[in-house]
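Notes follow the structure.
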Protein chains: 2
Amino acid sequence: MDVLQELEREVAVFARRVEGARQSWQRHQDLDRSAYLILLALDNNGPMVVGQLANVFQLDISTISRQIAPIVGAGLVAKERDEIDKRQVRLSITPEGSAALEATRESRRQLYAELLADWSDDDKEQFLALLQRFNDRLRQRQQEQENR
Amino acid sequence: MDVLQELEREVAVFARRVEGARQSWQRHQDLDRSAYLILLALDNNGPMVVGQLANVFQLDISTISRQIAPIVGAGLVAKERDEIDKRQVRLSITPEGSAALEATRESRRQLYAELLADWSDDDKEQFLALLQRFNDRLRQRQQEQENR
DNA sequence: CCACAACTATTGTATTATACAACTGTCTTA
DNA sequence: TAAGACAGTTGTATAATACAATAGTTGTGG
């Protein structure tokens, strides 16, 4: 068996499946994918400007600009011009945003608890470690591609 | 550290990243994602009808119907009405389709060889096994959701 | 046995996520 | 200080998807 080929295939299927599952998984009150990821980033890193988010997600600034509109409208993130460089727009998570993030996070944690109910702690930790390693590698590669 | 929560997050990032990487990874002659996955399925399972493919990928029949048009046009899959049930359309991979699939597969195998260059064989096998297990679980869950 | 309901696939239409282009306002530098 | 670089927004285009309407085919209950 060619492990690389199998892995490649499994990753392709995985991406497709996770993507497809988005709609059906999502409970009504949950944040949608882009909002969730943006709030996660702001929660993790503290306030960020639009371009930084675009960079993190490897998306066009215009895409982020559009994705933040509804979550700013909903009061989940605050938007203010940077005082030092007035071109930039600084985004920070609000208390309401934190609450919404926590709710969605909990809802998803539940889902994963169910999905991985029969996995040993060791398996879960292994999977997490390998996924993180793979993600780091992908991030690194994307950086390289930019600087070329 | 909450392993489930970390895992959930890592999966979300992973899906986003793999999705985003699609364009930049894809060499010019390679099959696009939908063509690649459809040819993989036909190669694996033998001839299938449109509805079966839709079921495998959890997509609407109309979506598959549209996705097969270009690959039929390119001669990579053959399309014929089922003789027994003339409503159905039977799809099978052609020799050209097999060749195209093999080429894309090899190109991706190369990419993965590079991405995972410093992984031990053991790590790769572990990751593959865990991914497969997770994918199986997702498939199973989607089945459950349908029958409800 | 046949009319009508169910099913398969296609095509029309709408939505969503995305990128690129044009533009505005701000900054930096020669 | 004028010219170019930069950050973000908004307009427009494209791609992937779902749902609705339709056409052709099959199965079934009176």
Side-chain angles (χ1 to χ4, degrees), chain A residues 12-13 15-26 30-38 42 47-73 77-92 142 145-146, chain B residues 12-13 15-26 30-38 42 47-73 77-92 142 145-146:
Chain A
V13 169
R16 196 65 151 69
R17 210 171 283 280
V18 170
E19 184 62 13
R22 233 180 348 139
Q23 298 95 353
S24 51
W25 286 2
Q26 190 168 329
D30 283 358
L31 297 164
D32 69 19
R33 179 182 63 164
S34 66
Y36 180 60
L37 287 171
I38 288 171
L42 293 177
M48 301 174 78
V49 300
V50 178
Q52 286 178 315
L53 281 172
N55 195 46
V56 165
F57 298 126
Q58 300 289 310
L59 292 176
D60 194 87
I61 291 184
S62 69
T63 301
I64 299 293
S65 178
R66 289 194 156 93
Q67 290 181 348
I68 58 181
I71 52 185
V72 168
V77 315
K79 189 176 172 180
E80 51 183 348
R81 300 212 87 80
D82 187 299
E83 270 316 301
I84 299 145
D85 183 341
K86 298 207 189 63
R87 290 172 301 184
Q88 301 190 141
V89 170
R90 183 155 302 273
L91 304 166
S92 35
Q142 279 178 337
Q145 296 224 320
E146 264 166 37
Chain B
V13 169
R16 198 62 152 68
R17 210 169 283 281
V18 170
E19 183 63 14
R22 237 189 333 148
Q23 299 96 350
S24 50
W25 287 1
Q26 191 168 328
D30 283 359
L31 297 164
D32 69 19
R33 180 182 64 166
S34 66
Y36 180 61
L37 287 171
I38 288 171
L42 293 177
M48 300 175 78
V49 300
V50 178
Q52 286 177 315
L53 280 173
N55 195 47
V56 165
F57 297 124
Q58 301 289 312
L59 292 177
D60 195 87
I61 291 183
S62 68
T63 300
I64 299 294
S65 178
R66 289 195 156 92
Q67 290 182 345
I68 59 183
I71 52 186
V72 168
V77 316
K79 188 175 171 180
E80 53 183 346
R81 297 214 89 80
D82 187 298
E83 270 316 301
I84 298 142
D85 183 341
K86 297 206 189 65
R87 289 172 301 184
Q88 302 190 140
V89 169
R90 183 156 301 274
L91 304 167
S92 34
Q142 278 178 338
Q145 295 222 321
E146 265 167 36

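Note that the structure is predicted; figures quoted are calculated from it, not measured. Quick note on labels: first sequence line is chain A, next is B, and so on, each numbered from 1.
Note on B:Leu53: nothing from the nucleic acid sits closer than 4.0 angstrom, heavy atoms only. Using a 4.0 Å heavy-atom cutoff across all strands shown, A:Ile64 reaches no nucleic acid atom at all. Backbone-only engagement by A:Ile84 is indicated by non-hydrogen atom pairs under 4.0 Å involving sugar-phosphate atoms exclusively.
Which of C:dT18, D:dT9, D:dC19 sits closest to the side chain of A:Ile61 comes down to D:dT9. The side chain of A:Val49 has D:dG8 as its nearest neighbour among C:dC27, D:dG8, C:dT10. When distances run from any side-chain atom of A:Ser62 to the nucleotides C:dT11, D:dT9, C:dT26, the shortest one goes to D:dT9.
Projected onto DNA chain D by closest heavy-atom contact, A:Gln88 and A:Arg66 fall at different nucleotides, the more 5' of which corresponds to A:Gln88. Nearer to the 5' terminus of DNA chain C, by closest-nucleotide assignment, is the contact made by B:Asp85 (compared with the other of A:Asp82 and B:Asp85).
Remark: side-chain polar atoms of A:Arg81 are paired, donor with acceptor, to backbone N or O of A:Lys86 under 3.5 angstrom. Checked by atom type and distance alone, the side chain of A:Gln52 pairs as donor or acceptor with a backbone atom of A:Val49 at under 3.5 Å.
You'll find the side chain of A:Val50 stays beyond 4.5 Å of the side chain of A:Gln67, heavy atoms only. Looking only at side-chain heavy atoms (C-beta outward), A:Leu53 and A:Phe57 come within less than 4.5 Å of each other.
At the phosphate of C:dA19, OP1 or OP2 sits under 4.0 Å from a side-chain N or O atom of A:Thr63. Dashed line: the shortest gap from a side-chain N or O of A:Gln67 to OP1 or OP2 of C:dT16 is not under 4.0 Å. Residue B:Lys79 places at least one side-chain N or O closer than 4.0 Å to OP1 or OP2 of C:dT10. Phosphate contact (OP1/OP2 of D:dT9, side-chain N/O of A:Ser65, threshold under 4.0 Å): present. The side chain of B:Arg16 places no N or O atom within less than 4.0 Å of a non-bridging phosphate oxygen (OP1 or OP2) of C:dA17.
Taking 3.5 Å as the limit, the base of D:dG27 and the side chain of B:Arg87 contain no donor-acceptor pair of atoms between them. Residue A:Arg81 places no side-chain atom within donor-acceptor reach of the base of C:dG25, judged by atom type and a 3.5 Å distance cut-off alone.
As a whole-Å value, the separation of B:Gln52 CD from C:dC7 C1' is 14 Å. For A:Arg33 and D:dT17, the CZ to P distance is 12 Å, given to the nearest whole Å. Rounded to whole angstrom, the span from the CD1 atom of B:Ile68 across to the P atom of C:dT8 amounts to 15 Å. Look at CG on A:Leu91: it is 12 Å from C1' on D:dA7, rounded to the nearest Å. Taking atom CG of B:Leu37 as the reference point, atom P of D:dA16 lies 12 Å away to the nearest angstrom. Per the geometry, CG belonging to A:Asp60 stands 14 Å off C1' belonging to D:dT14, to the nearest Å. When rounded to the nearest whole Å, the span between CZ of A:Phe57 and C1' of C:dA17 equals 14 Å. One interatomic measurement links the two molecules: CD of A:Glu80 to C1' of C:dT26, which rounds to 17 Å at whole-angstrom precision.
Between B:Met48 and the options B:Ile38, B:Asn55, B:Val56, a side-chain contact (heavy atoms from CB on, under 4.5 Å) holds for only B:Val56.
Counting all heavy atoms, side chain and backbone alike, A:Ile64 lies closest to A:Ala54 at CG1-CA, 3.6 Å.
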